[in-house]
Amino acid sequence: MEVQERLHDVVSRIHTAEKAAKRPKNAVSLVAVSKTFDTDAIRPVIEAGQRVFGENRVQEAQGKWPLLKGETPDLALHLIGPLQSNKAAEAVALFDVIETVDREKIARAISAEMKRQDRKLRLYVQVNTGLEPQKAGIAPKETVAFVTFCREELDMAIEGLMCIPPVDENPGPHFALLAKLAGECELDRLSMGMSGDFETAVQFGATSVRVGSAIFGSR
Ligand SMILES: *Cc1c(COP(=O)(O)O)cnc(C)c1O
């Protein structure tokens, strides 16, 4: 299958899942995760109409997205991997959305850079729903306090919550937990679901899914 066909297949599976969950068509947006793929692999997906992409490393994204954004100005780029504070300036300059606000230090760095560069990014707080020690994210029970801190101390608008469930677990309870926490924070956007589980995520209320290998092939 060509990459455009795989893209169309993923989009139609999202529509089927929306319908099955009795949610409106296009309630869920697709973030095409292009990490490890080069500009030549990404261009056909842009040409097929996809406009929202995700990358997990700042440096890798800097090597391809200034060029691709120059060619197609209405692209939106999401950072979906952990951010170090020494990369905050570059991340704020290049990305449109940061989905991985996961600790006070990085929230402060992003806030300071947005002011310095006069750029307003859309921001998600990453929640470590499985409390995995190797994984980034705020602990579920600290999520409300952290979102409140971002809003009140840093004057930062948070758009939603993001999670990556443990690979070896049924993702449903993690998606349900993220939805519950978002409700407690009065947030209505949920970034959850990847190639293996995006239909389940749609069922649990995802408003965006991050799909890589089902579109671009295996990495
Ligand atoms: C790589 C990645 C994805 C996409 O994973 P696939 O299984 O290839 O769809 C989604 N979210 C994050 C945070 C990732 O790092």
Side-chain angles (χ1 to χ4, degrees), residues 1-35 37 42 44-56 72 74-81 95-100 121-127 129-130 137 140 143 147 157-167 169-219:
M1 229 198 285
E2 297 281 327
V3 71
Q4 290 99 330
E5 279 178 79
R6 289 196 299 260
L7 173 69
H8 289 140
D9 182 60
V10 167
V11 170
S12 77
R13 285 168 62 194
I14 291 171
H15 288 154
T16 304
E18 286 170 339
K19 206 170 177 182
K22 299 192 164 57
R23 299 183 56 197
K25 192 173 178 184
N26 300 320
V28 182
S29 68
L30 170 62
V31 180
V33 177
S34 50
K35 65 189 187 200
F37 290 92
I42 298 168
V45 180
I46 297 172
E47 278 159 23
Q50 178 65 26
R51 288 293 178 269
V52 185
F53 291 84
E55 290 280 346
N56 68 337
T72 310
D74 62 335
L75 296 176
L77 191 60
H78 291 224
L79 178 64
I80 60 169
F95 288 89
D96 304 286
V97 183
I98 295 177
E99 297 202 13
T100 49
L121 275 66
R122 293 159 47 206
L123 303 169
Y124 283 70
V125 167
Q126 181 176 355
V127 182
T129 57
T143 303
V147 169
I158 300 296
E159 179 169 303
L161 302 181
M162 176 270 213
C163 76
I164 311 168
V167 283
E169 283 182 34
N170 173 8
H174 295 274
F175 296 153
L177 174 58
L178 198 70
K180 176 176 162 280
L181 292 170
E184 291 171 9
C185 298
E186 295 180 2
L187 292 169
D188 57 9
R189 304 284 186 90
L190 296 168
S191 170
M192 56 192 198
M194 319 200 329
S195 291
D197 56 19
F198 67 86
E199 285 141 316
T200 307
V202 171
Q203 185 192 328
F204 281 92
T207 54
S208 61
V209 293
R210 311 176 307 267
V211 179
S213 49
I215 296 168
F216 287 98
S218 55
R219 291 180 292 268

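Keep in mind that what you see is a predicted model, and the values were worked out from it rather than measured.
Ring geometry, F53 versus F216: the interplanar angle falls from 30° to 60°, so the pair is classed tilted.
Counting heavy atoms from C-beta outward, L181 and V147 have side chains that stay 4.5 Å or more apart. In this structure, I215 and L30 have side chains that are in contact, with non-hydrogen atoms separated by less than 4.5 Å. Side chains of I164 and M194 form a contact here, defined as non-hydrogen atoms less than 4.5 Å apart. Between F198 and V10, some side-chain heavy-atom pair lies under the 4.5 Å cut-off.
To the nearest 0.5 Å, the span separating CZ on R210 from NZ on K35 amounts to 9.0 Å. In this structure, NZ on K25 lies 9.5 Å from OG1 on T16, to the nearest 0.5 angstrom. Residue T129 holds its OG1 atom at 7.0 Å from CG of L178, rounded to the nearest 0.5 Å. Interatomic distance, E159 CD to L121 CG, rounded to the nearest 0.5 Å: 10.5 Å. In this structure, L161 CG and C185 SG are separated by 5.5 Å, a value rounded to the nearest 0.5 Å. Rounded to the nearest 0.5 angstrom, F95 CZ and E55 CD are separated by 6.5 Å.
For the pair Q50 (side chain) and V52 (backbone), a donor-acceptor distance under 3.5 Å is present. Side-chain N or O atoms of E99 include none that pairs as donor or acceptor with a backbone N or O of H78 at under 3.5 Å. No donor-acceptor pair closer than 3.5 Å links the side chain of R51 to the backbone N or O of D74. Remark: side-chain polar atoms of T100 are paired, donor with acceptor, to backbone N or O of G81 under 3.5 angstrom. No side-chain donor-acceptor contact under 3.5 Å links S191 to the backbone of M162.
Counting all heavy atoms, side chain and backbone alike, P166 lies closest to G130 at CG-CA, 3.9 Å. Scanning both residues, P165 and P171, for their nearest heavy atoms gives CG-CB, 4.0 Å. When all heavy atoms of A48 and L7 are compared, the pair lying nearest together is CB-CD2, 3.7 Å. Residues A17 and E199 approach most closely at CB-CG, 4.0 Å, considering heavy atoms. When every heavy atom of A76 is checked against every heavy atom of D96, the shortest pair comes out as CA-OD2, 3.4 Å. A pairwise comparison of heavy atoms in P140 and L177 identifies CG-CD2, 3.9 Å as the closest pair.
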- prompt: Going through the distances and angles, do D9 and E5 end up as a side chain to side chain contact (heavy atoms under 4.5 Å, CB included)?
  reply: CA-CA 6 Å; D9 182 60; E5 279 178 79; over 6 Å; no
task: For side chain to side chain contact (heavy atoms under 4.5 Å, CB included), just list the numbers for F175 and D197, CA-CA rounded to whole Å, side-chain angles, deciding distance to a tenth of an Å, and then say yes or no.
output: CA-CA 10 Å; F175 296 153; D197 56 19; 3.7 Å; yes
message: Determine whether H15 and N26 satisfy the following criterion, side chain to side chain contact (heavy atoms under 4.5 Å, CB included), listing intermediate values before the conclusion.
response: CA-CA 7 Å; H15 288 154; N26 300 320; 3.0 Å; yes
field: Worked verdict on D188 versus T207 for side chain to side chain contact (heavy atoms under 4.5 Å, CB included)
entry: CA-CA 8 Å; D188 57 9; T207 54; over 6 Å; no
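Checked against N56 for a side chain to side chain contact (heavy atoms under 4.5 Å, CB included), the options I80, L79, V33 give a single hit: I80.
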